[in-house]
Amino acid sequence: MLHTLKSVNSPIMLANLNLLFWLSLVPVATNWMGETHFAPNTIIVYAVLFMFCGFSYSILQRNILKTLSVDDALGQAIKKQDKKVMFSTFCAMAAIAFAFINPVISGVLFILQSAVWLIPDKNIENALKK
């Protein structure tokens with residue numbers, strides 16, 4: 001997403017650093033969850049961490065959208081990623097709810113959440129071709 005911009009300003013850089021900070025904590029939380037064999041408290045920390053990552057991504061998205069015009073095809077493509085953010089937030093919240101009921105369901109939700117982001121979004125690519 002950042003490679004598509006013509007210019008980068010301070011709010012975009014700070015939002016990107018914020019996102020990178022939260023993403024850098026994912027291996028620590030993953031290791032802790034593995035060491036405790038999906039204990040409910042570690043599942044909750046992991047899910048909350050992913051919610052912070054999603055919120056940080058939304059902040060980055062909004063700062064990028066501020067630099068684009070309203071009718072820009074790239075801006076429209078970036079807005080379409082809101083569905084991924086909402087789905088990720090739902091998965092994280094559901095994982096918290098299932099942490100005490102069945103940790104395996106929480107694990108499946110984390111896999112689904114990750115799979116959504118691993119599937120490439122062609123909207124930005126298509127917008128750049130226009």
Minimum-distance pair of heavy atoms, taken over all atoms of Ala15 and Leu60
CB-CA, 3.7 Å
Straight-line distance of Leu5 CG to Ile64 CD1, nearest 0.5 Å
5.0 Å
According to ring-ring contact (aromatic ring centres under 6.0 Å, His included), does anything in residues 111-130 pair up with another residue at least two apart or in another chain? List the pairs.
Tyr57-Trp117
Between Asn31 and Pro27, is there a donor-acceptor pair closer than 3.5 Å when you use the side chain of the first and the backbone of the second?
no
For the hydrophobic clusters of this structure (ILVMFWY residues joined by side-chain heavy atoms under 4.5 Å, transitively), does one cluster hold both Val26 and Phe110?
yes
Transitively linked via ILVMFWY side-chain contacts under 4.5 Å: Ile96 with Leu109?
no
Kindly work out whether a path of hydrophobic side-chain contacts (I/L/V/M/F/W/Y, heavy atoms less than 4.5 Å apart) joins Phe21 to Leu17.
no
So which atom in Val8 and which in Met13 form the shortest heavy-atom distance, rounded to 0.1 Å?
CG1-CG, 3.6 Å
Is the shortest heavy-atom distance from the side chain of Ile124 to the side chain of Lys80 under 4.5 Å?
no
Flag the pair Lys6 / Thr67 as yes when at least one side-chain heavy-atom distance between them is below 4.5 Å, and no otherwise.
no
Distance, nearest 0.5 Å, that separates CG of Asn63 from OG of Ser58
11.0 Å
Can you check whether Leu14 reaches Asn18 side chain to side chain, under 4.5 Å on heavy atoms?
no
Name of the residue among Leu65, Leu74, Asn123 meeting side-chain contact (heavy atoms from CB on, under 4.5 Å) with Lys79:
Leu65
For a 4.5 angstrom cut-off between non-hydrogen side-chain atoms, does Ile78 reach Leu68?
yes
Check Ala95 against Ser106 and note the closest heavy-atom contact, atom names and distance.
O-OG, 2.8 Å
Tell me whether Met93 shares a hydrophobic cluster with Trp22, the cluster being built from Ile, Leu, Val, Met, Phe, Trp, Tyr side chains joined at under 4.5 Å.
yes
Identify all side-chain donor-acceptor contacts of residues 36-52 below 3.5 Å with residues at least two apart in sequence or on another chain.
| from | atom 1 | to | atom 2 | distance (Å) |
| --- | --- | --- | --- | --- |
| Thr36 | OG1 | Trp32 | O | 3.0 |
| Thr36 | OG1 | Met33 | O | 3.4 |
| Thr36 | OG1 | Thr42 | OG1 | 3.2 |
| Thr42 | OG1 | Ala39 | N | 3.4 |
| Thr42 | OG1 | Ala39 | O | 2.7 |
| Tyr46 | OH | Thr30 | OG1 | 3.4 |

Spell out, yes or no, whether Ile119 and Phe90 are grouped together once hydrophobic residues are joined by side-chain heavy atoms under 4.5 Å, including indirect joins.
no
Distance from Ser56 atom OG to Leu20 atom CG, nearest 0.5 Å?
9.5 Å
Flag, side chain of Gln113 to backbone of Ser88, donor-acceptor distance under 3.5 Å:
yes
Excluding Leu118, membership of its hydrophobic cluster (Ile, Leu, Val, Met, Phe, Trp, Tyr; side-chain heavy atoms within less than 4.5 Å) reads none
Rounded to the nearest 0.5 angstrom, the CD-NZ distance for Gln61 and Lys66 is 13.0 Å
Drop me the distance from Ile59's CD1 to Ile12's CD1, to the nearest 0.5 angstrom.
13.0 Å
